[in-house]
Amino acid sequence: MGLFNKKREEPPAEKQQEMKVYIQGAGGTIVSKSILNGTSRLKWLFRQEGGHGNGWIAFGDTDTQEYVNDVKNMEIVDFNTLANIEPAVADVFYMPMGSDLEFRSDKTGTYFVDTRTGKEIREPVKHPAQIAFEKNLKFLNKDIYPADFFRMLFTESPKIKVVRAGEADLPTGEVVLADPIAYLGTRYETVLQKKIPAGSYPVELSVCLSPIAGLRVAAARLLIRENPAVSYEIAMPKGKEREDLGMPGVFTFFGVDAGLACFADSRLSEENRTFFEQWEKENPGKNKYLDYFAAFFQESREAHPEFQNQGTGFLEWKLPKSGKRAVLFTSGMGDGVYSGYWGMDAEGEIVSLTVIFMNPEYF
């Protein structure tokens, strides 16, 4: 206990300025003073569950049990202080709690050995969010997913909250999927082949409460009929049928380049284009998001703060001329390409349109 309450001695200002930051916000690490003063070299590194700071503890090659048992011989420092002494520690920073490592240096280089398994660790260990992101990329845009997966996305659980984001007006019934900042109203938007009855439809979001990625929109759903969906099929772009899947130049996905996606009607898409063409003429050099949409998103966050933050949000946007609504929302982990999927009832009627951004099981 005396160690945790001990005030850490700050290095001189010139030393702080020289320190290289390997990992931002790495937190406190317990390091033996023999390592810090250079009388020993790093030998043991383990991560304690529920320990101080980030849990990492480092011992030197000359440290005895008696030495480390004396709290006066241990010091709490920023992890980057240890990394400046031995940069290899930055490669294993993201290993899980309970990790127990031995540091080795020989003619093959410097590396760690997992003392529990004997496995050598010679490559940087990825952040859990990066691992999940890479798995997610491989998961997205498949031709088909089980109906149970879609049901899971919109079934409340400790990890999933279903949020009503607003209503989308579709006066023509021709649905557009697009990044509303970068591509809505351009040739890069995706107009869908199937049409739905003209009308106004609620939009629900599946918000993932991820311990490694924070609040994220895992999926968005346009609710078209009340009947439950029993099967799903990928939404083809205008002019293409399912039989065209896999043919050269046939793409089912739409691109996101500003971290946002939307459900909109083709008529609203055209109105959006003409509005922003005029807005950009009147506001040369200004940013469409920062100088226009940001204030609306802030109002939405203030009205519904429990499932929105600076990185995750949604907006029921009324186009200035007609007052018709499109629903905008953040796209999972951000930029990428995403596909829509029609939900069909037992009679084969369209009941929903879902865009998948994430598999919550990975996060």
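Just so we're clear, the structure is a prediction, and the values are computed from it rather than from any experiment. These values consider heavy atoms only, across backbone and side chains, with no hydrogens, waters or symmetry-generated copies.
Side-chain contact check for S32 and N73: no donor-acceptor pair (N or O, by modelled atom type) lies under 3.5 Å. Defined by atom type and a distance below 3.5 Å, a donor-acceptor pair is missing between the side-chain atoms of N84 and Y22. With 3.5 Å as the limit, one finds no donor-acceptor pair spanning the side chains of R122 and T110.
Side chain of T330 to main chain of G313: a donor-acceptor pair is present (N/O by atom type, distance under 3.5 Å, no hydrogens or angles). Within the 3.5 Å criterion, the main-chain N or O of A219 finds no donor-acceptor partner in the side chain of S206. In terms of modelled atom types and a separation under 3.5 Å, the side chain of Q193 and the main chain of G239 share a donor-acceptor contact. Proximity of a side-chain donor or acceptor of D100 to a complementary backbone N or O of T115 within less than 3.5 Å is not detected. Proximity of a side-chain donor or acceptor of T81 to a complementary backbone N or O of V77 within less than 3.5 Å is not detected.
Around the CD atom of E361, the shell of radius 6.0 Å holds no more than 12 heavy atoms that belong to other residues, nucleotides or ligands. Annotation: E123, atom CD; neighbour count of heavy atoms from other residues, nucleotides and ligands within 6.0 Å does not exceed 12. No more than 12 heavy atoms of other residues, nucleotides or ligands sit less than 6.0 Å from atom CD of E66. The environment of NZ in K126 is sparse: at most 12 heavy-atom neighbours from other residues, nucleotides or ligands sit within 6.0 Å. Environment of CD in E306: crowded, with over 12 heavy atoms of neighbouring residues, nucleotides or ligands closer than 6.0 Å.
To the nearest 0.5 angstrom, C262 atom SG is 13.0 Å from E316 atom CD. Taken from CZ in R47 to CE in M95, the straight-line distance is 10.0 Å, to the nearest 0.5 Å. Q298 contributes atom CD, which lies 9.5 Å from atom CD of Q308 (distance to the nearest 0.5 angstrom). Here the straight-line distance linking atom CG of N359 with atom CG of L153 works out to 7.5 Å at 0.5 Å rounding.
Counting only heavy atoms from C-beta outward, the side chains of K43 and E102 approach each other to under 4.5 Å. In this structure, the side chains of V163 and F329 stay at 4.5 Å or more apart for every pair of heavy atoms. The shortest side-chain heavy-atom distance between I160 and P360 falls under the 4.5 Å cut-off. By the 4.5 Å heavy-atom criterion applied to side chains, I234 and L245 are counted as neighbours. With a 4.5 Å cut-off on side-chain heavy atoms, L101 and V92 count as touching. Side-chain atoms of Y338 and L177, non-hydrogen and from C-beta on, never get closer than 4.5 Å to each other. Here the side chains of N136 and F363 are in contact, with some heavy-atom distance below 4.5 Å. Within the 4.5 Å cutoff, the side chain of F314 has heavy atoms near those of the H304 side chain.
The pair R325-E167 meets the salt-bridge criterion, with a side-chain N (NZ, NE, NH1 or NH2) lying under 4.0 Å from an Asp/Glu carboxylate O. Ion pairing between a basic and an acidic side chain is recognised when a charged N comes within 4.0 Å of a carboxylate O; E277 and R273 show such pairing. With respect to the salt-bridge test (charged N to carboxylate O, under 4.0 angstrom), the residues R242 and E233 qualify. For R41 and D61, the salt-bridge test fails: no basic side-chain N is under 4.0 Å from an acidic carboxylate O. Between D70 and K72 there is no salt bridge, since no side-chain N of the basic residue sits under 4.0 Å from a carboxylate O of the acidic one.
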When you look at F139 and Y145, which way does the ring-ring contact (aromatic ring centres under 6.0 Å, His included) test go after all the steps? CA-CA 10 Å; F139 177 82; Y145 297 94; 4.9 Å; yes
Walk me through whether T312 and F307 qualify under side-chain contact (heavy atoms from CB on, under 4.5 Å). CA-CA 8 Å; T312 301; F307 298 116; over 6 Å; no
Go through the steps to decide whether D179 and E189 satisfy the test side-chain contact (heavy atoms from CB on, under 4.5 Å), and finish with yes or no. CA-CA 7 Å; D179 178 327; E189 68 183 10; over 6 Å; no
Let's go through F79 and V89 carefully: what are the C-alpha distance in whole Å and the side-chain angles of both, what is the deciding distance for side-chain contact (heavy atoms from CB on, under 4.5 Å) to 0.1 Å, and is it a yes or a no? CA-CA 9 Å; F79 184 84; V89 299; 3.7 Å; yes
For V113 and R104, what are the C-alpha separation, side-chain angles and deciding distance, and is it a side-chain contact (heavy atoms from CB on, under 4.5 Å)? CA-CA 7 Å; V113 174; R104 295 183 183 178; 3.7 Å; yes
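S34 approaches Y67 most closely through the heavy-atom pair N-OH, 3.2 Å. Scanning all heavy atoms of the two residues, the minimum distance from D265 to D169 falls at CB-O, 3.6 Å. Across all their heavy atoms, E174 and S266 have their closest contact at OE1-OG, 2.9 Å. Residue A264 comes nearest to L170 through the heavy atom pair O-CD2, 4.0 Å, listed as atom of the first residue, atom of the second, then distance. The nearest pair of heavy atoms linking S40 to I35 is OG-N, 3.5 Å. When all heavy atoms of F112 and A88 are compared, the pair lying nearest together is CE1-O, 3.5 Å.
Between F254 and Y183, the distance from one ring center to the other does not fall under 6.0 angstrom. Checked against the 6.0 Å centroid criterion, the rings of F46 and F59 qualify as a close aromatic pair. Close placement of the Y232 and F150 rings is indicated, their centers lying within 6.0 Å of each other.
Taken together through direct or relayed side-chain contacts under 4.5 Å among Ile, Leu, Val, Met, Phe, Trp and Tyr, V256 and L222 form part of one hydrophobic cluster. A continuous path of Ile, Leu, Val, Met, Phe, Trp and Tyr side chains, each step under 4.5 Å between heavy atoms, connects M152 with V217, placing both in one hydrophobic cluster. No path of Ile, Leu, Val, Met, Phe, Trp and Tyr side chains, each step under 4.5 Å between heavy atoms, connects V337 with L137, placing them in separate hydrophobic clusters. Put simply, I144 and F251 are part of two different groups of oily side chains (I, L, V, M, F, W, Y) that touch within less than 4.5 Å, one to the next. Under the 4.5 Å side-chain heavy-atom criterion for Ile, Leu, Val, Met, Phe, Trp and Tyr, Y111 and Y94 are members of distinct hydrophobic clusters.
Grouping Ile, Leu, Val, Met, Phe, Trp and Tyr by side-chain contacts under 4.5 Å, direct or through others, leaves I131 on its own. Hydrophobic cluster membership for Y289: I181, L260, L268, F275, F276, W279, L290, Y292, F293, F296, F297, L315, W317, L319, L328 (Ile, Leu, Val, Met, Phe, Trp, Tyr linked by side-chain heavy atoms under 4.5 Å, directly or transitively).
For V250, the side-chain contact (heavy atoms from CB on, under 4.5 Å) partners are M236, K240, D244, M247, not counting sequence neighbours. Evaluation of the side-chain contact (heavy atoms from CB on, under 4.5 Å) rule for P197 yields Y201, R225 as partners, not counting sequence neighbours.
Residue S339 forms a side chain to side chain contact (heavy atoms under 4.5 Å, CB included) with just one option from T252, L140, T190, and that option is T252.
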Only distances under 3.5 Å count here; give the side-chain donor-acceptor pairs of residues 349-357 to other protein atoms, sequence neighbours excluded, each with its distance to 0.1 Å.
none

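Residue pairs meeting the salt bridge (Lys or Arg N to Asp or Glu O under 4.0 Å) criterion with at least one member in residues 200-213, sequence neighbours excluded: R164-E204, E204-R221.
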